[in-house]
Amino acid sequence: MLQGRWWSWGFRSTVMLYFIVLIIFPIIGIYGQSFSSGWAAFAENLTEPLAWKAVLLTVKLALIATVVNMLIGTMSAWVLIRYRFPGRRLLNSLVDLPFALPTAVAGLMILLLLGPRSAVGGLAEQLGFTILFHQPAIVIAMVFVTFPFVIRAVQPLLEEMDSSEEEAAYTLGATKAATFWKVILPNMLPGILSGAMLAFSRALAEFGAVVLVAGNIPGKTLIASVYIFGEIESDNTIGATAVSVLLLTFSFLILWTVNYVQMRRKGG
Amino acid sequence: MRRLWIGLTVAVFGVLLIIPVIRIAMGAFDESWGGFARGLARPETLHALYMTGLIVVVVTVVNTLFGVMLSLYLVRATWLGRRVKQLLNSIVDLPFAVSPVIGGLMIVLLLGPETALGALFNKAGIDIVYALPGMIIATLFVTFPLIVREVMPVLQEIGGAQEEAAATLGASAWTTFWRVTWPSIRWCVVYGVVLTVARAMGEFGAVLVVSGNILFKTQTATTLVYQDVENFNLTAANSIALVLAAGSVTLLLLMEWAKSRREVH
Amino acid sequence: EPGASDVPAEARDVTLVLGAYSVAKDALQEIIPAFNAYWKRETGQTVAFQESYEASGTQARSIIGGFDADVTLLALEGDVDKLVGAGLVSPEWNKDRTNGMITRSIVVLGTRAGNPLGIRDFEDLTKPGVKVLYPNPKTSGGAQWDINAIYGAGLKKAELANGTKDEAAAKQFLVDVHRNIESMDKSGRASMAAFEYGVGDVIVTYENELLARIAQGVEYDVVVPPSTILIENPVAVIDRNADRHGVRKAADAFVEFLYSDEAQRLFAKHGFRPVNEALAEEMADRYPQPPEMFTIDYLGGWDEVRNTLYAKRGIWYQVLAGQ
Amino acid sequence: MHIEVRGLNKKFGDFQAVTNVNFEIEKGQLIGLLGPSGGGKTSILRMLAGLETVDEGDIVFHGKRVNDLPPQERGIGFVFQNYALFKHMTVTDNIAFGLEVKKWSKQKIKERVAELVELTGLSGFEKRYPHQLSGGQRQRVAFARALAPEPQLLLLDEPFAAIDAKIRHELRSWLREMIDRLGITSIFVTHDQDEAIEVADQIMIINKGRLEQKGTPWEIYKNPESPFVASFIGESTIVEDVAALRGFGGPDDLSGAKALIRPEYVEIGKAADFELLSATETGRVRHVHFRGSEWLVEVEIGAAKLVTYRSLEKEILQPGDEVRVLIHRAYLFNDTDSWVVENKLKEDPMPVHI
Amino acid sequence: MHIEVRGLNKKFGDFQAVTNVNFEIEKGQLIGLLGPSGGGKTSILRMLAGLETVDEGDIVFHGKRVNDLPPQERGIGFVFQNYALFKHMTVTDNIAFGLEVKKWSKQKIKERVAELVELTGLSGFEKRYPHQLSGGQRQRVAFARALAPEPQLLLLDEPFAAIDAKIRHELRSWLREMIDRLGITSIFVTHDQDEAIEVADQIMIINKGRLEQKGTPWEIYKNPESPFVASFIGESTIVEDVAALRGFGGPDDLSGAKALIRPEYVEIGKAADFELLSATETGRVRHVHFRGSEWLVEVEIGAAKLVTYRSLEKEILQPGDEVRVLIHRAYLFNDTDSWVVENKLKEDPMPVHI
Ligand SMILES: Nc1ncnc2c1ncn2[C@@H]1O[C@H](COP(=O)(O)OP(=O)(O)OP(=O)(O)O)[C@@H](O)[C@H]1O
Ligand SMILES: Nc1ncnc2c1ncn2[C@@H]1O[C@H](COP(=O)(O)OP(=O)(O)OP(=O)(O)O)[C@@H](O)[C@H]1O
Ligand SMILES: [Mg+2]
Ligand SMILES: [Mg+2]
Ligand SMILES: O=S(=O)([O-])[O-]
């Protein structure tokens with residue numbers, strides 16, 4: 001009995017220690033670095049127009065990519081769990097592909113498929129806009145690399161869901177659509193949100209795929225992670241970590257708010 | 001309606017996943033089978049794949065273990081206050097919000113040979129950065145949220161009633177976990193594992209920074225692919241990418257198969 | 001290492017760790033076997049190499065961060081200066097016959113086959129509708145050479161027109177070119193790749209990069225602007241690492257070997273210009289000499305360039321920020 | 001809503017859950033589905049609601065076959081056995097759901113919800129989520145949610161199982177009243193015979209997937225059509241050897257027949273209490289239990305055990321006391337037939353065949 | 001197991017669910033927790049089981065304070081109100097779980113499971129998963145699962161709510177027997193007073209988080225300590241103006257007091273049926289309901305409404321019939337006090353103060 005206590009105490013401490021050492025330390029490290037030369041240097045690096053323009057652009061594009069992913073991700077998760085059709089298993093197995101592909105390859109793919117020499121790129125060019133090296137390409141790259149998150153977070157929820165809530169809605173006269181919106185969707189919501197959070201964070205920080213397909217022109221197509229990379233390479237660690245800290249804090253606030261709201265709703 | 005949704009989904013998959021894979025496959029077999037085989041049979045490819053495999057295995061095992069435990073604590077533990085849980089819950093996702101490049105840089109700055117910790121390890125004859133341990137730590141950091149995020153919502157969804165029942169029947173925490181909790185979360189753990197494997201396989205930025213990309217030492221499949229792309233060796237790059245993609249798809253197909261076998265009781 | 005003194009140095013096999021900038025990879029991978037054969041012949045010792053190829057800045061940072069390289073080839077003198085600053089390389093490193101430089105090249109313009117837009121000079125890059133590629137000088141050493149070349153060409157133009165090195169005019173020239181930028185990739189190689197996949201009309205890059213691609217059978221036109229910059233890439237032994245690993249001798253020998261005719265010819269095979277005057281003479285017909293070619297000294301040397309062009313609120317920053 | 005069900009069958013795998021069920025329900029009636037656990041009550045209800053496909057047979061509402069109509073077009077309300085509340089909605093939102101779907105005005109919804117919250121005794125809990133409620137509170141929410149849109153047909157699966165007597169009474173009478181006022185047809189499942197008898201216009205007894213009998217409580221009590229029904233309704237003890245009981249032996253062929261004797265068929269007391277003393281015999285009290293409003297007394301007559309009730313106002317009996325026992329009546333059955341026999345010494349000895 | 005609970009308190013947020021509950025239970029007793037929905041019964045049970053933390057107060061098993069002991073070390077069995085079956089296990093596996101945890105031998109587990117399956121009438125369902133069972137079947141599995149390891153303390157949250165009378169009877173008597181045989185202490189929650197009265201050795205009435213009264217069913221019936229208990233146990237009607245009833249007016253100060261009158265306090269019949277005709281008054285039958293084994297008759301005397309039972313053997317009354325009514329006794333209460341008054345015309349006019 002006492003032994004059991006020791007075990008559980010040991011487990012708890014190990015897990016917490018791991019969490020602190022692996023996750024919290026480096027994050028504190030980033031904050032520490034960014035303030036290592038004092039507040040003034042930090043502020044100066046952030047008030048730098050190239051920096052905050054890059055951050056704004058990144059946030060904007062990451063938001064768009066997240067919304068796109070919430071839509072197609074929820075739809076795909078739904079279709080893959082609720083409908084039976086030939087090829088379903090194959091599609092389901094393809095979901096995680098964007099993760100398995102080195103991001104450099106993902107970038108290359110987009111380059112080859114949407115570049116000026118490709119059919120799509122050519123068509124877009126004729127319609128008067130360019131995809132590659134402009135904002136659409138960044139969004140596409142972000143959507144691609146974050147594609148699995150929402151799907152994988154929603155699927156288990158749909159599988160675990162108790163069908164009687166749905167039946168109750170039907171007996172109350174709700175159409176399939178109404179049932180979906182009012183009963184099923186709220187049940188999927190934790191998954192959608194947690195998937196979207198991950199997707200958003202990842203999109204904010206994505207580097208490999210984007211760097212290849214974005215023009216990286218400051219103010220126009222330079223996103224934060226590429227800016228950060230530039231600062232690191234030009235030996236401005238403080239500038240790099242300062243922008244990182246900004247994105248991190250922003251992410252953290254969003255995550256915290258979402259968690260807070262969800263916990264509030266559950267009252268527990 | 002049903003048709004419409006299926007159609008749309010297939011279209012999304014087609015555009016976003018299938019066409020790119022076909023493009024990769026075509027790229028890999030640009031110079032027919034020979035080019036593909038050459039790209040893979042190079043000693044640096046084999047070594048890089050070996051490194052990637054090693055990292056994937058270690059990272060997946062460690063993160064699965066800790067990820068599942070942390071999710072349990074974050075959902076069920078009473079010894080953690082509500083606020084603490086909320087805070088930890090929000091921190092879990094942060095590694096994703098950290099640009100992998102910065103993540104890698106932090107490891108170099110915290111554990112490099114110049115730092116106190118790094119010097120300590122160095123004395124003991126263990127290199128952390130620009131060596132395997134650093135690469136594993138970087139990948140652990142980057143993939144940490146995946147399993148936690150997969151498991152937590154399901155734990156919340158199934159609720160604690162079954163676990164309480166087991167406890168009243170005298171089952172220890174350990175038994176309760178394996179006999180009652182695990183069967184319910186097993187598939188999302190598997191999903192999380194697959195995501196972790198895939199992400200660990202594909203991680204680039206962080207590994208690049210901590211590995212120094214040394215041929216035959218710390219080069220992984222991904223950094224090799226990147227180098228091949230830069231060196232206009234597209235066939236080799238595509239071949240390796242294809243192998244990685246095939247690896248993850250096979251894993252998932254296996255999982256689907258195992259799952260379908262379990263479904264017919 | 002324990003027992004190091006018991007065994008004669010020659011008998012022990014050694015490992016040399018080499019950290020080089022990415023563009024040098026193809027050439028080095030031919031030179032290393034040649035060196036191995038040579039060294040075996042000379043001393044009977046086998047040298048195993050551990051190689052890493054990364055963008056010049058990345059490489060320099062890794063080495064400072066603890067990457068155990070014994071010898072490094074970088075794109076810029078400035079990057080070696082960082083190593084000197086970190087106490088890894090002796091400040092005396094460039095006090096040899098070529099000031100520590102091992103290869104040369106020039107900045108040129110690459111166009112699609114047949115030069116459809118009729119590009120002749122940097123001047124033509126300012127024309128509306130011309131899509132220009134060069135990498136990002138923040139991350140790429142190659143890009144700094146490119147920007148230096150454009151800026152220098154602007155200075156030259158002003159100097160020819162009214163006799164003074166008019167910085168304002170040169171800056172304006174840079175602004176005009178930059179207006180047509182399509183993409184600033186993270187490295188010279190990435191920029192080249194984008195060009196190869198169909199992006200842009202003109203790429204500003206190393207001459208050797210283009211020559212190497214052309215040697216591979218890709219069709220580009222190389223346009224040598226009348227006034228452009230001479231690129232020089234340094235090599236250095238990382239003294240601290242080499243001493244610690246006890247491979248000083250092999251490292252010095254390897255660097256020495258790079259200056260040899262044999263190595264220089266291999267470099268030339270991959271499009272570099274030799275630093276060896278005799279060889280340069282011999283290959284003069286392969287490498288056109290731009291009439292108004294200038295060196296980094298024309299811009300005042302690397303220190304000056306760092307302080308004016310790439311300084312925190314410097315000229316390049318103003319170009320980017322549109323000030 | 002007038003309902004007709006013809007030849008209903010349902011299998012789960014190869015387990016026959018419902019077998020050839022036929023019935024008809026008039027508009028506005030309140031029907032109790034009564035039967036042992038696992039009998040098929042929930043399955044029948046779910047098929048009526050359209051939540052389970054029908055394997056064979058027709059379900060006809062208002063003369064229209066609805067087998068293929070989805071649940072939301074059947075105009076029903078359903079109270080689930082496990083409540084099936086919307087986890088992510090408060091009590092108010094749960095109850096309002098059906099009304100919002102029907103696009104009632106905000107004001108009307110508010111009033112209706114307030115009325116139902118009041119009725120189900122949930123005042124003060126409007127803002128709670130289901131996991132913050134007790135079992136009975138959840139059941140009441142489920143009840144209110146189903147009633148809110150005033151459906152044409154109300155299907156209730158054990159709606160009172162977790163509710164205490166007091167609220168149950170109120171809900172029942174409110175239900176009764178609403179049914180009468182709006183002409184709603186209702187079917188409710190219960191495992192509790194008292195409840196079925198008390199509330200329902202008609203009772204259907206379901207056992208092993210079959211409809212054993214349908215009729216008013218009084219009919220079913222008086223004329224059970226099978227031994228199962230007889231033993232399921234009311235309390236009773238079974239006596240193997242009927243002939244040994246005073247007043248039931250004699251010329252009739254009772255071979256192979258057993259007797260089912262209900263407490264209310266049995267009267268006990270002192271010799272002075274009976275007019276026809278010759279019809280009584282001597283028994284011995286075995287146990288006396290308090291039963292809330294009366295005593296339950298177990299008496300033994302030879303090998304036969306009988307139970308009967310005794311008013312609290314009467315003298316208290318003790319185990320071991322000797323008493324006179326009068327058996328008014330017995331329900332006899334054998335493998336093929338069943339019939340009621342009156343005590344021959346008490347009245348006319350003609351058996352009443354059913 | 002001997003159990004003592006002292007000063008138990010529990011809050012959810014700032015909702016006080018359990019307030020200062022104290023009690024003691026002897027080893028081997030069967031206790032019924034009875035009370036209205038939302039009263040706090042489940043909460044008390046969960047605290048005893050260690051599933052909910054105790055805000056204040058002590059729980060003592062066998063003289064040892066167990067507040068901080070985890071559930072698995074308390075040696076309890078728990079039947080959950082919502083069953084909480086293991087979804088991914090068959091019936092057999094569910095029941096065997098607790099035994100496997102205790103490392104019983106394969107053979108013994110098999111026997112024990114077979115016995116419980118038999119007892120709970122689940123034969124033939126051993127291989128089913130919970131989602132393939134009916135509500136009652138699920139509850140029986142939950143019951144069997146909790147009983148299997150023969151725990152020292154058995155906590156049952158509405159264990160019979162979804163089970164029909166017949167199986168309920170069997171389970172109850174088996175439970176009773178097991179409790180007597182093994183000396184298991186048991187506490188079961190029910191909202192059904194009949195059940196509590198029938199089965200329990202002692203009843204605890206829980207209302208609004210407080211323990212209102214604890215005692216044997218007969219004690220609680222005879223001497224309810226509060227109007228709440230009086231009205232919750234047994235059926236009753238409330239009469240506002242007691243003085244108007246024959247036999248209850250007179251010199252006593254009844255101002256502000258109301259009367260609670262149970263059906264069994266009331267007798268109806270023809271004039272000839274009563275010896276003390278002067279103690280009766282005239283009433284009119286309003287309704288007659290069939291109640292399974294008797295009639296429930298509502299009578300009106302002036303403004304007061306009363307209910308009483310009437311044997312099925314007696315002549316059937318019709319609404320509107322005039323009858324003589326004798327009220328034997330009334331339970332009077334005002335804001336501060338409560339007492340029982342006998343009909344003065346019938347017996348000694350001394351009120352019995354409690
Ligand atoms: N998690 C919770 N959060 C807030 N309130 C709660 C929570 N759990 C229970 N309650 C409240 O505490 C009170 C007591 O609940 P409990 O479940 O103990 O009642 P109960 O006596 O078991 O009722 P029932 O017979 O309906 O099951 C109820 O009013 C309920 O709404
Ligand atoms: N999905 C299913 N698969 C297999 N058998 C099932 C399924 N659902 C129900 N059954 C079986 O069908 C029979 C009838 O079940 P049903 O739920 O209709 O019973 P019920 O009369 O409602 O019982 P209760 O009073 O216990 O709720 C039961 O024996 C049950 O085990
Ligand atoms: Mg049922
Ligand atoms: Mg309860
Ligand atoms: O490799 S570069 O630094 O020249 O881009």
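Atom set for the values below is all heavy atoms of this structure, side chains included, hydrogens, waters and symmetry mates excluded. Lettering follows sequence order; numbering is per chain, from 1.
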Which bit of [X] comes within less than 4.5 Å of chain A, counting heavy atoms only: side chain, backbone, both or neither?
X	answer
Lys87(D)	both
Leu85(D)	backbone
Ala146(D)	backbone
Arg145(D)	both
Phe86(D)	both
Asp93(D)	neither
Pro149(D)	side chain

Gap between atom [atom2] of [Y] and atom [atom1] of [X] - 0.5 Å precision:
X	Y	atom1	atom2	value
His88(D)	Leu189(A)	NE2	CG	9.0 Å
Glu52(D)	Glu167(A)	CD	CD	7.5 Å
Ser164(A)	Arg46(D)	OG	CZ	8.5 Å

Is it the case that atom [atom1] in [X] sees more than 12 heavy atoms from other parts of the structure closer than 6.0 Å?
X	atom1	value
Glu118(D)	CD	no
Lys176(A)	NZ	no
Lys102(D)	NZ	yes
Phe25(A)	CZ	no

Any idea which heavy atoms bring Ala168(A) and Phe80(D) closest together, and the distance?
->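 Shortest heavy-atom separation between Ala168(A) and Phe80(D) comes out as CA-CE1, 3.4 Å.
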
Flag the one option from Thr90(D), Leu51(D), Leu99(D), Leu155(D) with the top tally of heavy-atom pairs under 4.5 Å to chain A.
->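 Sorted descending by pairs with chain A, the first entry is Leu51(D).
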
